[in-house]
There are 2 protein chains.
Amino acid sequence: MQPALDMNRTESDAPATERPQYELIELLFFAYRDFVGDPDRILAAYGFGRAHHRVLHFVHRNPGLTIAALLDILKITKQSLNRVLKELLEQGFVEQRAGVNDRRQRLLYPTARGRALADDMARLQTRRIARALEEAGPGSREAAARFLEAMIEPAERPSADRLVHGGRDEDEAQ
Amino acid sequence: MQPALDMNRTESDAPATERPQYELIELLFFAYRDFVGDPDRILAAYGFGRAHHRVLHFVHRNPGLTIAALLDILKITKQSLNRVLKELLEQGFVEQRAGVNDRRQRLLYPTARGRALADDMARLQTRRIARALEEAGPGSREAAARFLEAMIEPAERPSADRLVHGGRDEDEAQ
DNA sequence: CGGTTACGTCAGTCATGTTGACATATTTCA
DNA sequence: TGAAATATGTCAACATGACTGACGTAACCG
């Protein structure tokens with residue numbers, strides 16, 4: 001059903017079968033905008049930003065995470081991480097303990113306060129997701145997960161999967 | 001169909017119906033990170049950033065857009081918009097024409113150069129999406145669209161829908 | 001003991017967002 | 001017609017969260 005295909009493209013060789021996916025491109029933009037907008041309101045009350053949220057989230061989900069592992073997840077520089085991490089430490093949302101095998105490592109753990117804040121934000125985002133899944137009908141959870149998983153850069157999937165599916169309490173709450 | 005639920009809790013006693021959706025929360029984070037990472041490489045060559053991409057994208061998809069409409073889509077201030085828009089105008093990626101009915105308005109149109117750049121970036125993102133849909137199997141496009149649509153803040157859906165589904169060439173390329 | 005590793009930190013820069021105030025052209029309405 | 005409202009542009013100051021580059025310190029490892 002595709003006639004003449006596009007000429008002057010610079011990127012290798014897109015066949016005409018790849019009509020622009022404007023719908024999904026834009027839906028991703030709007031959905032993500034509102035998805036991250038939820039926690040912003042809570043964060044503002046603490047003088048925190050999205051960077052703090054991301055750090056706290058992954059520390060919460062992976063207690064004992066090292067600095068190096070966190071840098072690899074967030075794909076930012078240690079200087080960037082350090083600024084927000086320092087604030088989370090000073091204000092008692094995260095704490096460090098020396099590594100057991102390797103005492104150079106600073107293992108990161110959420111405090112009770114940190115867990116409470118992380119839970120609050122996860123709850124907000126969970127509400128939005130739960131409403132969306134209900135609205136999108138049965139099977140939408142698995143379908144959405146399959147699609148999003150496949151959107152991740154293949155080289156990054158092993159480490160992403162380890163985090164996403166290898167977290168604690170995979171099938172029991174607390 | 002919900003049994004008695006949440007009264008006044010702020011934390012730590014979510015009903016079992018709302019177990020944290022960590023999987024989708026994290027998949028959204030990783031998928032979006034890589035999704036917006038694609039155009040970054042192209043943009044860097046022009047000295048542009050993601051802000052330029054967003055402006056160019058929506059102007060490309062909605063030629064004749066006004067400043068006010070663009071501000072409403074992006075949800076940023078006119079000062080923020082102006083900085084990147086000025087660069088896109090100066091470097092000939094976008095052009096302005098006075099409104100026909102209302103000559104105060106500056107209608108925004110992509111130039112040939114602007115269309116080429118927007119197409120390049122859309123093509124990259126389309127590739128990632130197309131691969132993901134293939135991998136996620138039949139029906140995944142519709143399922144993903146339903147889910148993402150439902151993730152958008154309800155109050156924003158009318159305007160988002162108008163953009164997403166009301167754009168030009170809804171079923172013919174060029 | 002010397003080299004490497006894990007992490008911290010100082011200093012400067014850039015991109016992108018914000019608020020507030022004010023200017024200019026045009027339209028609308030009493 | 002003249003005053004108010006609207007659409008846009010712009011100046012200035014500031015916050016956040018990225019970046020690079022350089023250097024310091026403690027701990028591990030061979």
Side-chain angles (χ1 to χ4, degrees), chain A residues 29 32-33 36-37 39-59 64-91 94-109, chain B residues 29 32-33 36-37 39-59 64-91 94-109:
Chain A
F29 170 73
Y32 196 79
R33 181 193 65 183
V36 297
D40 283 357
R41 287 178 283 277
I42 294 184
L43 291 161
Y46 293 84
F48 288 157
R50 288 177 191 174
H52 301 84
H53 180 199
R54 292 194 291 270
V55 169
L56 183 56
H57 174 90
F58 285 109
V59 169
L65 207 60
T66 65
I67 301 287
L70 193 45
L71 287 175
D72 189 60
I73 294 169
L74 300 175
K75 306 258 183 257
I76 59 176
T77 60
K78 64 178 173 176
Q79 294 90 331
S80 284
L81 172 59
N82 208 255
R83 186 171 24 200
V84 303
L85 183 55
K86 194 149 59 171
E87 291 172 358
L88 289 169
L89 289 165
E90 283 166 357
Q91 299 183 38
V94 171
E95 61 184 21
Q96 291 182 333
R97 303 178 207 160
V100 267
N101 299 328
D102 185 338
R103 285 198 345 229
R104 288 171 305 180
Q105 295 180 330
R106 310 297 162 90
L107 308 187
L108 303 171
Y109 293 86
Chain B
F29 170 73
Y32 195 78
R33 181 192 67 184
V36 298
D40 283 357
R41 287 178 283 276
I42 294 185
L43 290 161
Y46 293 85
F48 288 157
R50 288 177 191 175
H52 300 83
H53 180 199
R54 291 195 290 270
V55 169
L56 183 56
H57 174 91
F58 285 108
V59 169
L65 206 62
T66 65
I67 301 287
L70 194 44
L71 288 174
D72 189 60
I73 294 169
L74 300 176
K75 306 259 183 255
I76 59 176
T77 60
K78 63 178 174 176
Q79 294 90 331
S80 282
L81 172 58
N82 209 255
R83 189 168 23 202
V84 303
L85 183 55
K86 194 149 59 170
E87 291 171 358
L88 288 169
L89 288 164
E90 282 165 357
Q91 299 184 38
V94 171
E95 61 183 21
Q96 291 183 331
R97 303 178 206 159
V100 267
N101 300 327
D102 186 338
R103 285 198 345 229
R104 287 172 305 181
Q105 295 180 328
R106 308 298 161 88
L107 308 187
L108 302 171
Y109 294 87

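The sequence lines fix the lettering, A, B, ..., with proteins before strands; numbering per chain opens at 1.
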Do any side-chain nitrogens or oxygens of [X] fall under 4.0 Å of OP1 or OP2 in [N]?
X       : N       : answer
R104(B) : dT27(C) : no
H52(A)  : dT16(D) : no
Q105(B) : dT27(C) : no
R106(B) : dT26(C) : no

Going from [atom1] on [X] to [atom2] on [Y], what distance comes out if it is rounded to the nearest 0.5 angstrom?
X      : Y       : atom1 : atom2 : value
I67(A) : R104(A) : CD1   : CZ    : 13.5 Å
K86(A) : L81(A)  : NZ    : CG    : 11.5 Å
K78(B) : L71(B)  : NZ    : CG    : 9.0 Å

Nucleic acid contacts of residues 69-77 of chain A, taken as heavy-atom distances under 4.0 Å to DNA chain D: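 Those residues are K75(A), I76(A), T77(A).
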Sugar-phosphate, base or nothing in reach of E87(B), heavy atoms under 4.0 Å: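 No contact at all - E87(B) keeps every heavy atom at 4.0 Å or more from the nucleic acid.
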task: Look at all strands and tell whether R83(B) reaches a base, only sugar-phosphate, or nothing, counting heavy atoms closer than 4.0 Å.
output: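 R83(B): base contact, heavy atoms under 4.0 Å.
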Between [N] atom [atom2] and [X] atom [atom1], what is the distance in whole Å?
X       : N       : atom1 : atom2 : result
Q79(B)  : dT10(D) : CD    : P     : 12 Å
N101(A) : dA26(D) : CG    : C1'   : 17 Å
L81(B)  : dT16(C) : CG    : P     : 12 Å
R54(A)  : dA18(D) : CZ    : P     : 5 Å
E90(A)  : dG8(C)  : CD    : C1'   : 13 Å
R103(A) : dC29(D) : CZ    : P     : 12 Å
L88(A)  : dG17(D) : CG    : C1'   : 14 Å
K78(B)  : dT19(C) : NZ    : C1'   : 12 Å

field: Along DNA chain C (nearest heavy atom to each residue), the more 5'-positioned of D102(A) and F48(B)
entry: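 Nearest-nucleotide comparison on DNA chain C picks D102(A).
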query: Going by the angle between their ring planes, with limits at 30° and 60°, are F48(B) and H52(B) parallel, tilted or perpendicular?
result: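 The arrangement is parallel - the two ring planes meet at less than 30°.
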query: Are any non-hydrogen side-chain atoms of L88(A) and Q91(A) less than 4.5 angstrom apart?
result: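 A side-chain contact is absent here, since even the closest heavy-atom pair is not under 4.5 Å.
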task: Determine whether Q96(A) and L108(A) make a side-chain contact, defined as any pair of heavy atoms from C-beta on separated by less than 4.5 Å.
output: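 A side-chain contact exists here, since the closest heavy-atom pair is under 4.5 Å.
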task: Check T66(A) against A69(A) and note the closest heavy-atom contact, atom names and distance.
output: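 Looking at all heavy atoms of both residues, the shortest contact is OG1-N, 3.1 Å.
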- prompt: So, for F58(B) and L74(B), which heavy atoms are closest and what is the spacing to 0.1 Å?
  reply: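 F58(B) and L74(B) have their closest heavy atoms at CD1-CD2, 4.0 Å.
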field: Earlier contact from the 5' end, DNA chain D, for G49(A) and N82(B)
entry: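 Whichever sits nearer the 5' end wins; that is N82(B).
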field: 5′-ward residue of the pair G99(A)/A51(A) relative to DNA chain D
entry: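 Between the two, 5'-proximity favours A51(A).
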Nearest listed nucleotide, side chain of Q96(B), among dG17(D), dC7(C), dG9(D):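 Between dG17(D), dC7(C), dG9(D), the one nearest the side chain of Q96(B) would be dG9(D).
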